[in-house]
Student: 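Structure below; questions to follow.
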There are 2 protein chains.
Amino acid sequence: MRETTLRDVAELAGVSPRTVSNVVNGYAKVTDATRAKVERAIAELGYRPNVLARNLATGRSGQIVVVVPYLDTPYFAELLQAIIPAARKLGYNVLIDQTDGDREHEGELIGRGSRRFLFDGMIISPLGLAQEDLSVRDPDLPLVVLGERRSDGTFDHVGIDDVAASTEAVSHLIAIGRRRIAAIGDQPYPTGEAAQLRTKGFRAAHEAAGLPVDESLIIGTARFNRIDGATAMAALLDRADPPDAVFCYSDLVASGAIHTILGRGLRVPEDVAIIGYDDIEDGRYSQPTISTIQPDKKGIAQLAVDRLVMRIGSGQPVAGVELKVPHKLIARESTTGQKGGPTAGVHPLP
Amino acid sequence: MRETTLRDVAELAGVSPRTVSNVVNGYAKVTDATRAKVERAIAELGYRPNVLARNLATGRSGQIVVVVPYLDTPYFAELLQAIIPAARKLGYNVLIDQTDGDREHEGELIGRGSRRFLFDGMIISPLGLAQEDLSVRDPDLPLVVLGERRSDGTFDHVGIDDVAASTEAVSHLIAIGRRRIAAIGDQPYPTGEAAQLRTKGFRAAHEAAGLPVDESLIIGTARFNRIDGATAMAALLDRADPPDAVFCYSDLVASGAIHTILGRGLRVPEDVAIIGYDDIEDGRYSQPTISTIQPDKKGIAQLAVDRLVMRIGSGQPVAGVELKVPHKLIARESTTGQKGGPTAGVHPLP
DNA sequence: ATGAAAGCGCTAACAG
DNA sequence: CTGTTAGCGCTTTCAT
C-alpha cells in the first residue's frame, strides 16, 4: 500500500495541493472552513508529510550537526545532552560526529565536502584545528564554535571567560593558604589555545597575590584525560619539592591526579589540594569530591543553538560575535577538606 | 551561483545523466573510457551529489537513529562512540535521540510518527518501554534492540548474557570469602527486566555455592545512578548486620556505594567488597578501582549496526534473532584489594 | 484565499 | 553499455 501523499489529502478535501501545504505549514492565510476540511482529511488518511520531499523542495535538511572530539568524555556528553533538546525545540534534528581531535577530519567537516546538503549548520568544538584552520572553510556554512577559540568575524564563538575562571581557581588555592602551586595541562602549541588561556589565568592569580611562578611546576599534557593527570602528578610527587596544590585543566585530569596522590598514601587536600575544571558529574561523587570551575553548560547549549538557527534563518552572512556564558567556582572536598554526605558540595541542580 | 548538478556534469562530459549517475554510484558497468571522461568532468566542476535529491528519489535517508535514555551516562556514551564509526563505515549517518527513559517518548519513536522518513532504521536501548510495548510499533521500521529485552521475533536483540554475567560477579564475591552479600539495583516491575536478570544471577550464584539468600539484602533502586548507589549503601550500613560485599547493578551504582562506605571511614574491600557492572572508564581510575563485568561494547556496536543495515537492505521482513556478545569479569581493587599504578587492573585496550 | 504548474536534483524502468 | 524519460512528494511563483 502506497503512503498517502499531500495530493491524496487535497483530493479528499476537495482543495488544491497548495492549500494543503499551506495548512500543514501554517503558512498563508487559510479560511477556517477550508482549514477544518483539510485537517479532517489529514486525520482520516493518517497523512504525514514526507520530510525527504520537503527537504529537496526547500533545499534544507532541517538538521544540524554537532562535532565533538570525543563522545565519551563526560564534558562533551553533558553538553550534547543539553544541545539535543534545545535544537529539537526549534525543529532541528541533531547529527553527531566525533573526530578524535583529528585535524584532518575536523577540517574536512568544516569544509563540508560530500555531506554538504545533510546539515544546515554546525556546532563544533575543535581540538585538532588551530585558530587559522577555522578560517579556511565553506563560507556558506553557518557555524558556531565552542570552547577556546576566537571568532574571526565569520562565525560565532560561545564559551566562558577561561582566563578569569582559571584565575579564580588558582586564587582559591592561594586563599586556602597554598604557596607551591602546580598546573597540569599546559599545551604550548598552536592547537593548545584552551590550555594556554588557563595557564594565563594561573599566572594572573600568582601575580595578583604577589607570588612568584615556579615555571617547573607547569606540566604539559597531550590531552586532558585521567591518564594524563595521573602521569603528570606522579612526576610532580617524585620531585624533591612537590607542590602543595595543583590546578588541573579538567576534572578528568584532576581525577587522575587524585588517584596518584592517594595511591601513594598521601592525603587530599591535606598534603596536596586539587582543583579541576568543567564540573562533570563524576567530580561530585569521587573520593574526595572535586573542587572545580562550573561552566553554565545549559547556557552554552542554548546560546549556541539559538545563534546557529538564527544564522541559518538569515540567508545573509551574519557578523560573528563572541558570546560569554557565566561560570562559577565550586569548592568541594579536594580543596576545603570538608566531608559530607553523598551530595556534599554539590551545586543544587535547577 | 547555482550549485553544479549531475546534469551539468553530463553535459560537459558529453554523456547522459544516467551514465553520470552510474559512475557516481558505481552501479552498472561503465566503460573505462567514459568513466574517465565523467570523472574528469566531475573534478573540473567540483561536483558533489545532492544527498537530499538522492534521498527523495530512492526513498531512503541513509540515516539511522540511535535512541538511548541518557547521553551522559558513561555506558551509553561509550556505546555511541563505538556505534557511530561502525555506521559511518557502512555509509550511514547517525542521528541521536535521548529519551530520559520516558515511556511515551520511546513509544512515539518506535511508532515513528512525524519523522518517519528521516531514518531508515533504529537501534534502541529502551528503559521506559516494557517488553510488550516493543511489539506495538511501526512494523516496517527495521529495529535492533539493545540491553535486556527479548526479541518478539520481529526485531533483533543484541546483548550479553546478563544472568550468566551476574552469576559470575557474585560467585567472585563468594570466592574471595564473602558470605553476607547484598545487591543494589533490583527493579521488580515490568520495565525492570534488566535488573531482574541480574537479581536472578545473584540468586543463582548463591544457590551454586549452597548459600542462603537474605532477601532483605536485595535493595531496589529507581535508576542505576551514583546517587542510587550512595543512598542504598547508606541504608545497608545503618543495619545492625551490614553486608561484607555488594553486587552493584552498574559501575555508577558501585561508585556511589563506595563513596558512602569511604565517607563513613570504612574500607573497600576490607570491610565491604564491591563489584559493579558495565566497565565504564571511571571504574579504572576511581579510588579504589572497581571490579566489574565488562561487556564487549565494540562487539555490541558492530553487531547491532551490521544487523540493522542488513535489515534495511533486505526489503523483506527478517526474522528477529537473539544475539549474545561476550563479557568478561574484571577483578580490580574493590574486590581484590591489590594496589597498583594508575592503570592497575585495567583490561588491556585493543 | 486558492488553483495550476513548474521545478528541486536525482534514480531507475524501459528502450536500444 | 548508454540514452530517454518519467517520476519521488513537496514547495512556491504566478495567476485568478
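All chains are named by letter (A, B, ...) in the order of the sequence lines, taking the proteins before the strands, and each is independently numbered beginning at 1.
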Student: Just by distance, do the side chain of B/E78 and the backbone of A/D72 share a donor-acceptor pair under 3.5 Å?
Tutor: no
Student: When you compare the side chains of A/T154 and A/R137, does any donor N or O come within less than 3.5 Å of an acceptor on the partner?
Tutor: yes
Student: In whole Å, I'd like the distance from the CZ atom of A/F117 to the P atom of C/dG9.
Tutor: 8 Å
Student: It should be established whether A/T19 places a side-chain nitrogen or oxygen under 4.0 Å from OP1 or OP2 of nucleotide C/dT2.
Tutor: no
Student: Please check the phosphate of C/dT2 (OP1 and OP2 only) for any side-chain N or O of A/T31 closer than 4.0 Å.
Tutor: yes
Student: For residues A/R54 and A/N25, is any side-chain donor paired with an opposing acceptor at under 3.5 Å?
Tutor: yes
Student: Where the side chain of B/S151 meets the backbone of B/F155, is there a donor-acceptor pair that is under 3.5 Å apart?
Tutor: yes
Student: Under 3.5 Å, is there a donor-acceptor pair between the side chain of B/D120 and the main chain of B/G62?
Tutor: yes
Student: Report the residue from B/L80, B/I84, B/V66 that forms a side-chain contact (heavy atoms from CB on, under 4.5 Å) with A/I96.
Tutor: B/I84
Student: Between the main-chain N or O of A/D100 and the side-chain N or O of A/Y70, is there a donor-acceptor pair closer than 3.5 Å?
Tutor: yes
Student: Test your reading of the model: is there a side-chain donor-acceptor pair from B/D138 to the backbone of B/D140, 3.5 Å cut-off?
Tutor: yes
Student: Roughly what angle, to 10°, lies between the helix axis at the start of the helix from C/dA1-D/dT16 to C/dG16-D/dC1 and the one at its end, five pairs per end?
Tutor: 30°
Student: At under 4.0 Å between heavy atoms, which parts of nucleotides 9-16 of chain D does protein reach? Answer with one letter per nucleotide, 5' to 3': B base, S sugar-phosphate only, - none.
Tutor: BBSBBB--
Student: In whole Å, what is the span from the CG atom of A/N55 to the C1' atom of C/dG7?
Tutor: 16 Å
